[in-house]
Trainee: 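Once you've had a glance at the structure underneath, I'll fire off some questions.
A note on names: the letters A, B, ... follow the listed sequences, proteins ahead of strands, and every chain is numbered from 1.
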Protein chains: 2
Amino acid sequence: MEFNEAKAQFIQTWGKLGSEWGINRTMAQVHAILLISPTPLCTEDIMEQLSISRGNTNMNVRDLINWSLVHKELIPGDRKEYFVAEKDIWEVARRIIAERKKRELEPVTKVLQQLKNVEGDKDSKEIKEFTSMMNQLDSFVGKMDKSVSVLINEKENKLFSILFKLMK
Amino acid sequence: MEFNEAKAQFIQTWGKLGSEWGINRTMAQVHAILLISPTPLCTEDIMEQLSISRGNTNMNVRDLINWSLVHKELIPGDRKEYFVAEKDIWEVARRIIAERKKRELEPVTKVLQQLKNVEGDKDSKEIKEFTSMMNQLDSFVGKMDKSVSVLINEKENKLFSILFKLMK
DNA sequence: ATAAACTTTCAATAAATCCTGAAAGTTTAA
DNA sequence: TTAAACTTTCAGGATTTATTGAAAGTTTAT
C-alpha cells in the first residue's frame with residue numbers, strides 16, 4: 001500500500017474507532033495525524049490535512065490537550081503555536097483511562113451511593129430488586145474504580161505487567 | 001430518596017453513561033428498566049415507562065438481544081413476548097466486552113496489519129514515524145485483544161480474580 | 001501605543017443520529 | 001381460512017451533535 005493511502009486509511013480508522021467510543025470523530029482524526037507526524041504541527045497544517053475550519057481545529061486541539069494527549073510546543077522565532085502528541089501508546093491508554101474514570105466513573109459512583117439507600121416498603125418486590133441491583137452495581141463500579149486507580153498510578157507500567165501475566 | 005425518583009434517576013444515569021460510551025441512550029435506558037424489573041416486561045410496558053414508540057422499543061430491545069444482554073421469555077397462555085435482562089453484573093460486563101472486541105477491536109487489528117507494511121522510501125522521516133506508530137499500535141491492540149480473550153473465555157470468573165488481585 | 005499575527009468564541013447552519021407511526025409482515029386460535 | 005393479536009420495517013420528521021466563519025480577543029514586535 002502506498003503511503004498517502006495508508007495515512008488516509010489510518011486517519012479514517014482512528015476516527016471511526018473514536019466515534020464508536022463516544023469521542024468526537026474529528027478529535028480522533030486530529031489525534032491520528034499528530035500521532036504519525038514526525039514534527040510538531042500548527043493549526044493551519046491540521047486544517048489543511050483534514051479540510052476543516054479554524055474554529056473546529058482549535059476546539060478539537062484544545063480538547064486533546066484537556067485529555068492530556070497533546071501538548072503545545074513553541075518553536076523559537078515563530079509566533080504560531082505548534083502541537084505534539086504523546087507517542088507512547090501505553091501512556092496514551094493510561095491517560096484516556098484516567099480521564100474517563102474522572103469524567104464518567106466517578107459521577108456514576110456518587111449517584112449509586114445515593115440510590116442504594118432508597119426509602120420505602122422493604123418487602124416490595126420492586127424495591128428489593130432495585131436495591132439489590134444498586135448494591136451490585138455500586139460494588140462493581142467501586143472495584144473497577146479502584147482497579148483503574150491502581151493501574152494508572154503505578155510508576156512502573158503495571159497495566160502492561162498485569163496484562164502480560166494474562167498472556168503467558 | 002423515594003423509589004420512583006430513584007428509579008427515574010437510575011434510568012437517566014444509565015442512559016447518560018451509555019451515550020458517553022457510544023451506545024444509544026434509549027437502548028441503555030431500556031436496559032436499565034429491565035435490570036431493575038423483578039418480572040419480565042413486554043413491549044408495551046417498556047413503551048409506557050419510557051414514553052417511546054413501539055418501533056423504537058422494538059429496535060432497541062432487538063439490539064439488546066444482539067448484545068446478549070437481554071433474552072425473550074414466553075409466559076404460558078400469553079401471546080406477547082416478554083423480555084428479561086441478564087442480572088449478574090460481571091456477566092453483563094463480560095458480554096459487553098466480548099461484543100465490543102468483536103465489533104471494534106477485531107476490525108482495527110485487520111487494518112493495522114496492512115498499514116504496517118506500507119511501501120515507500122524507508123529513509124523518509126514520515127514513513128519511519130508512521131511505521132513505528134503502526135507497529136506500536138498493532139502490538140498494543142494485539143495484547144489487548146489477547147487479554148480480553150482470556151478474560152471473557154475463562155470458565156471461572158477470571159475478570160473478577162484478576163481485578164481482585166489488583167485491589168489487595 | 002499601534003498594528004500585525006495569531007487564537008478563541010459563538011450564533012447560525014449543516015450533518016449525523018435517533019424516533020415515530022403507519023403499513024406490511026407474521027403467528028396463533030378457532 | 002380467517003381474523004385478531006402481535007411484531008417488524010422504514011421513510012419522513014425531530015432531535016442532537018458537530019462545524020463553519022466572521023468577529024472579538026490576545027499577544028508580540030517595534
Trainee: If I take atom CG in residue B/N24 and atom C1' in nucleotide C/dT20, what distance separates them, rounded to the nearest angstrom?
Mentor: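 These atoms are roughly 14 Å apart.
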Trainee: Examine C/dC6: is either OP1 or OP2 under 4.0 Å from a nitrogen or oxygen in the side chain of A/T43? Give yes or no.
Mentor: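 A/T43 to C/dC6 OP1/OP2: no side-chain N or O under 4.0 Å.
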Trainee: Of the nucleotides D/dT7, C/dT9, D/dC6, which has the atom closest to the B/N58 side chain?
Mentor: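 Minimum distance to the B/N58 side chain belongs to D/dT7.
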Trainee: Does D/dT9 have OP1 or OP2 under 4.0 Å away from a side-chain N or O of B/R62?
Mentor: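 Answer is yes, contact under 4.0 Å.
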Trainee: From the options D/dT7, D/dA18, D/dG21, select the nucleotide whose nearest atom is closest to the side chain of B/R54.
Mentor: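 The listed nucleotide nearest to B/R54's side chain is D/dT7.
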Trainee: When the distance from NZ of B/K72 to C1' of C/dT27 is rounded to whole Å, what number comes out?
Mentor: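 Going from B/K72 (NZ) to C/dT27 (C1'), I get 12 Å.
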Trainee: Output the single nucleotide from D/dT19, D/dT7, C/dC18 whose closest atom is nearest the side chain of A/N60.
Mentor: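 So the side chain of A/N60 is nearest to D/dT19.
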Trainee: Once you apply a heavy-atom cut-off of 4.0 Å, does A/S19 come out as touching a base, just sugar-phosphate, or nothing?
Mentor: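 Here A/S19 touches no strand at all.
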Trainee: B/N56 has a side chain; which of C/dT8, C/dC19, D/dT19 sits nearest to it?
Mentor: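 In terms of side-chain proximity for B/N56, the closest of C/dT8, C/dC19, D/dT19 is C/dC19.
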Trainee: CD1 of B/I52 versus P of D/dG13: gap in Å, rounded?
Mentor: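 To the nearest whole Å, that distance equals 21 Å.
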Trainee: Which residue, B/G22 or B/R79, contacts DNA chain C at a nucleotide closer to its 5' end, judged by nearest heavy atom?
Mentor: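 Residue closer to the 5' terminus by nearest nucleotide: B/G22.
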Trainee: Tell me whether the OP1 or OP2 atom of C/dC18 has a side-chain N or O from B/T26 closer than 4.0 Å.
Mentor: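 For B/T26, the contact criterion (side-chain N or O under 4.0 Å from OP1 or OP2 of C/dC18) is not met.
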Trainee: Answer yes if the side chains of A/N58 and A/R54 hold a donor-acceptor pair under 3.5 Å, and no otherwise.
Mentor: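 There is no such pair (donor and acceptor under 3.5 Å, judged by atom type) between the side chains of A/N58 and A/R54.
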Trainee: Please report, rounded to the nearest Å, how far the P atom of C/dC10 is from the CE atom of A/M59.
Mentor: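 So the CE-P distance, A/M59 to C/dC10, works out to 13 Å.
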Trainee: In terms of heavy-atom contacts, does CD of B/Q113 have more than 12 from other residues, nucleotides or ligands at under 6.0 Å?
Mentor: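 Yes, the 6.0 Å shell around CD holds more than 12 heavy atoms from other groups.
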Trainee: Can you classify the ring geometry of B/F10 versus A/F130 as parallel (below 30°), tilted (30 to 60°) or perpendicular (above 60°)?
Mentor: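 Ring orientation of B/F10 relative to A/F130: perpendicular.
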Trainee: Rounded to the nearest angstrom, tell me the gap between atom CD in A/E20 and atom P in C/dA16.
Mentor: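 These atoms are roughly 16 Å apart.
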Trainee: Starting at atom NZ of A/K80, determine the distance to atom C1' of C/dT8, rounded to an integer number of angstrom.
Mentor: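 Atom NZ in A/K80 sits about 17 Å away from atom C1' in C/dT8.
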